[in-house]
Amino acid sequence: MSTTSDSNDIEEGPSFRPKFDASGLVTCVATDAATSEVLMVAHMNEEALRKTIATGEAWYYSRSRKSLWRKGETSGHVQRVVEMRTDCDQDAIWIRVEQAGAACHTGRRSCFYRKVEEASGGARLSFVDADKVFDPKAVYRK
């Protein structure tokens with residue numbers, strides 16, 4: 001992976017040249033390969049991206065823990081990558097995955113289980129598709 005900035009090659013060429021941000025990260029959106037449901041958004045550093053490509057399983061970088069992690073290493077809910085794409089300027093990654101179990105650490109299938117709705121004085125959240133697949137306290141021993 002190279003990180004040079006020739007925009008024509010980045011936008012139209014065959015070279016994979018991910019554009020990492022100032023923290024060395026690129027945003028990654030994971031969707032279900034069969035349903036196209038958005039499962040989660042996370043970040044990858046160069047090592048996570050390389051491991052994802054090499055192993056076919058999703059690896060991410062945790063900004064809060066400042067460490068690399070393989071999706072499902074604790075819960076067993078791994079993501080097998082079916083396809084990986086990058087956007088036009090290569091500053092975002094999209095992976096289509098086969099998700100074992102749930103994607104969200106809260107125990108839900110997707111991290112996007114609340115809908116933003118207009119309410120007096122601003123906005124509020126309502127739960128949609130919010131059934132839990134597992135008990136996070138039991139899985140993560142919190």
Side-chain angles (χ1 to χ4, degrees), residues 1-119 122-142:
M1 291 178 281
S2 173
T3 56
T4 63
S5 61
D6 176 12
S7 64
N8 187 56
D9 186 45
I10 287 170
E11 294 172 359
E12 302 294 338
S15 298
F16 185 42
R17 298 179 180 186
K19 188 188 309 179
F20 298 95
D21 67 15
S23 299
L25 302 174
V26 63
T27 301
C28 178
V29 177
T31 62
D32 184 284
T35 67
S36 298
E37 174 186 21
V38 177
L39 298 173
M40 59 183 279
V41 175
H43 296 88
M44 293 180 168
N45 64 4
E46 188 172 352
E47 184 180 6
L49 190 53
R50 286 184 191 279
K51 284 182 177 258
T52 299
I53 293 167
T55 67
E57 289 188 350
W59 286 77
Y60 300 105
Y61 182 81
S62 170
R63 295 179 300 171
S64 60
R65 294 187 311 260
K66 297 187 181 356
S67 64
L68 190 69
W69 58 284
R70 181 178 60 87
K71 179 66 179 154
E73 65 189 335
T74 302
S75 67
H77 300 163
V78 298
Q79 292 177 339
R80 190 182 75 73
V81 178
V82 172
E83 180 180 42
M84 178 184 284
R85 295 187 188 190
T86 189
D87 71 336
C88 55
D89 57 357
Q90 299 196 39
D91 66 354
I93 303 293
W94 170 28
I95 55 175
R96 296 177 56 242
V97 302
E98 290 176 345
Q99 175 70 56
C104 186
H105 74 283
T106 67
R108 294 173 176 91
R109 170 112 177 112
S110 168
C111 294
F112 294 88
Y113 55 88
R114 294 176 292 179
K115 179 170 67 170
V116 179
E117 298 176 316
E118 194 259 329
R124 63 179 299 258
L125 300 176
S126 64
F127 287 80
V128 292
D129 303 322
D131 293 340
K132 291 195 177 190
V133 175
F134 70 92
D135 178 4
K137 289 179 184 168
V139 171
Y140 299 118
R141 311 273 192 259
K142 291 183 180 178

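Taking all atoms of both residues into account, the shortest heavy-atom contact from S62 to R65 is OG-N, 3.0 Å. Minimum interatomic distance between A103 and L39 (heavy atoms only, all atoms of both residues): CB-CB, 3.8 Å. The minimum heavy-atom distance between F20 and L49, with the atom names listed, is CZ-CD2, 4.0 Å. Counting all heavy atoms, side chain and backbone alike, A100 lies closest to G76 at CB-O, 4.2 Å. Listed here is the closest heavy atom pair of V116 and A123: CG1-CB, 3.9 Å.
For E12, the side chain to side chain contact (heavy atoms under 4.5 Å, CB included) test picks out N8, with sequence neighbours left out.
Between the side chain of R85 and the main chain of I95, no donor-acceptor pair closer than 3.5 Å is present. Of the possible donor and acceptor atoms, none in the side chain of S15 sits under 3.5 Å from a partner among the backbone N and O of R17. Looking at Q90, its side chain does come within 3.5 Å of a backbone N or O of I10 through a donor-acceptor pair. One N or O on the side chain of Q99 and one on the backbone of H77 form a donor-acceptor pair closer than 3.5 Å. Without hydrogens or angle criteria, D32 side chain to E37 main chain gives no donor-acceptor distance under 3.5 Å. Put simply, the side chain of T27 never gets that close to the backbone of A92: no donor and acceptor are under 3.5 Å apart.
Separation of atoms CD1 (I93) and CE (M44) is listed at 7.0 Å; rounding is to 0.5 Å. Remark: H105 NE2 to K71 NZ distance equals 9.0 Å, nearest 0.5 Å. To the nearest 0.5 angstrom, N45 atom CG is 10.0 Å from K51 atom NZ. In this structure, CZ on R50 lies 12.5 Å from CG on L68, to the nearest 0.5 angstrom. One finds the OG1 atom of T52 at 10.0 Å from the CD atom of E47 (value rounded to the nearest 0.5 Å).
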Pair up each side-chain donor or acceptor in residues 125-136 with any protein partner under 3.5 Å, not counting sequence neighbours, and list the distances.
from : atom 1 : to   : atom 2 : distance (Å)
S126 : OG     : E117 : OE1    : 3.3
K132 : NZ     : T106 : O      : 3.3
D135 : OD1    : K137 : N      : 3.0

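Two residues are said to be in side-chain contact when any heavy atoms from C-beta on lie closer than 4.5 Å; E57 and R70 meet this criterion. R141 has its side chain out of reach of T74: every pair of non-hydrogen atoms, C-beta onward, lies at least 4.5 Å apart. Inter-residue side-chain proximity for C111 and V41 is flagged as unmet; no heavy-atom pair is nearer than 4.5 Å.
The ring-ring contact (aromatic ring centres under 6.0 Å, His included) contacts involving residues 40-65 comprise Y60-W69, where partners must be two or more places apart or lie in separate chains.
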